[in-house]
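Following: one structure in structure tokens, then a few remarks.
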Amino acid sequence: MSSAAFACATEPTATVIRSWGTPVASFQNTKFELAAVAAEIEAAQTMLERAVRELVDGELSGADAAKVKLFRTEMQARAVDRCLQLFGGYGYILEYPIARLYADARITRIHAGASEVMKVIIAKSLGL
């Protein structure tokens, strides 16, 4: 979902949105936000790939699985939120895919174990 939000924010439609007559894509802040999202997406993907390898090898602990789920779902929420922000008010118009991604991103922090549950699992593994 975060990759889809990133794609929405970098597609040609998004690059023509203007603020004060200037394309939003040309602002330094937009470039910084998209760079940060791209870095987080890559980090989350790397984390997932490692977890899959550990699962296949029978080495993935519950705490490590919880860390991956927590990081990926929280990152996804941040990424989708950052990308939606670049659309301004257009981001809430349901004809724009980013609006649906924003709505859908919230549930991932709830189903299959809420973020708070993942934190409890991680904390227990730390002896806390």
Check your understanding: With a 4.5 Å heavy-atom cut-off, do T73 and I110 have their side chains touching?
Key ->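 No, too far: nothing below the 4.5 Å cut-off.
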I need the minimum non-hydrogen distance between [X] and [Y], along with the two atoms involved.
X    : Y    : answer
E74  : S115 : OE2-OG, 2.5 Å
T108 : Q76  : OG1-NE2, 2.7 Å
L84  : G91  : CD1-O, 3.3 Å

Check your understanding: Do any pairs count as a salt bridge (Lys or Arg N to Asp or Glu O under 4.0 Å) and have a residue in residues 22-31, sequence neighbours left out, and if so which ones?
Key -> none
Exercise for review: Could you list all the salt bridge (Lys or Arg N to Asp or Glu O under 4.0 Å) pairs where at least one residue sits in residues 114-127, not counting sequence neighbours?
Suggested key: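 Passing the test, one end in residues 114-127: no pairs.
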Review point. Between R53 and D57, is there a salt bridge with N-O shorter than 4.0 Å?
Key: no
Practice item. Could you list the residues that satisfy side-chain hydrogen bond (donor to acceptor under 3.5 Å, both in side chains) with T30, not counting sequence neighbours? Key: none
Exercise for review: State which residues pass side-chain hydrogen bond (donor to acceptor under 3.5 Å, both in side chains) with E54; sequence neighbours excluded, sorted by chain then number.
Suggested key: R50
Exercise for review: Check the hydrophobic clustering (I, L, V, M, F, W, Y; side-chain heavy atoms under 4.5 Å; chains of links allowed) and say if L101 and I107 are grouped together.
Suggested key: no
Clusters formed by hydrophobic residues whose side-chain heavy atoms approach within less than 4.5 Å: which one holds [X], and what are its other members?
X    : result
L60  : L55
L94  : none
V120 : none
M118 : L70, V117, I121, I122, L126, L128

Review point. Residues two or more places apart in sequence or in another chain: which of them pass salt bridge (Lys or Arg N to Asp or Glu O under 4.0 Å) with R72?
Key: none
Review point. Under the salt bridge (Lys or Arg N to Asp or Glu O under 4.0 Å) test, which residues partner K67, sequence neighbours left out?
Key: D64
**Study point:** Contacts of type side-chain contact (heavy atoms from CB on, under 4.5 Å), residue I41, not counting sequence neighbours
**Key:**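 Result, side-chain contact (heavy atoms from CB on, under 4.5 Å) vs I41: S2, S3, F6, V37, M75.
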Practice item. Provide the full list of side chain to side chain donor-acceptor pair (under 3.5 Å) pairs with a residue in residues 33-45, sequence neighbours left out, each pair given once. Key: E33-R82, E40-R78, E40-R82, Q45-E49
Exercise for review: Supply the atom-to-atom distance I98 CD1 to Q85 CD, rounded to the nearest 0.5 angstrom.
Suggested key: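 One finds 11.0 Å between CD1 of I98 and CD of Q85.
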Exercise for review: Starting at OH of Y92, measure out to OH of Y102 and round the result to the nearest 0.5 Å.
Suggested key: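 Between Y92 OH and Y102 OH, I get 4.5 Å after rounding to 0.5 Å.
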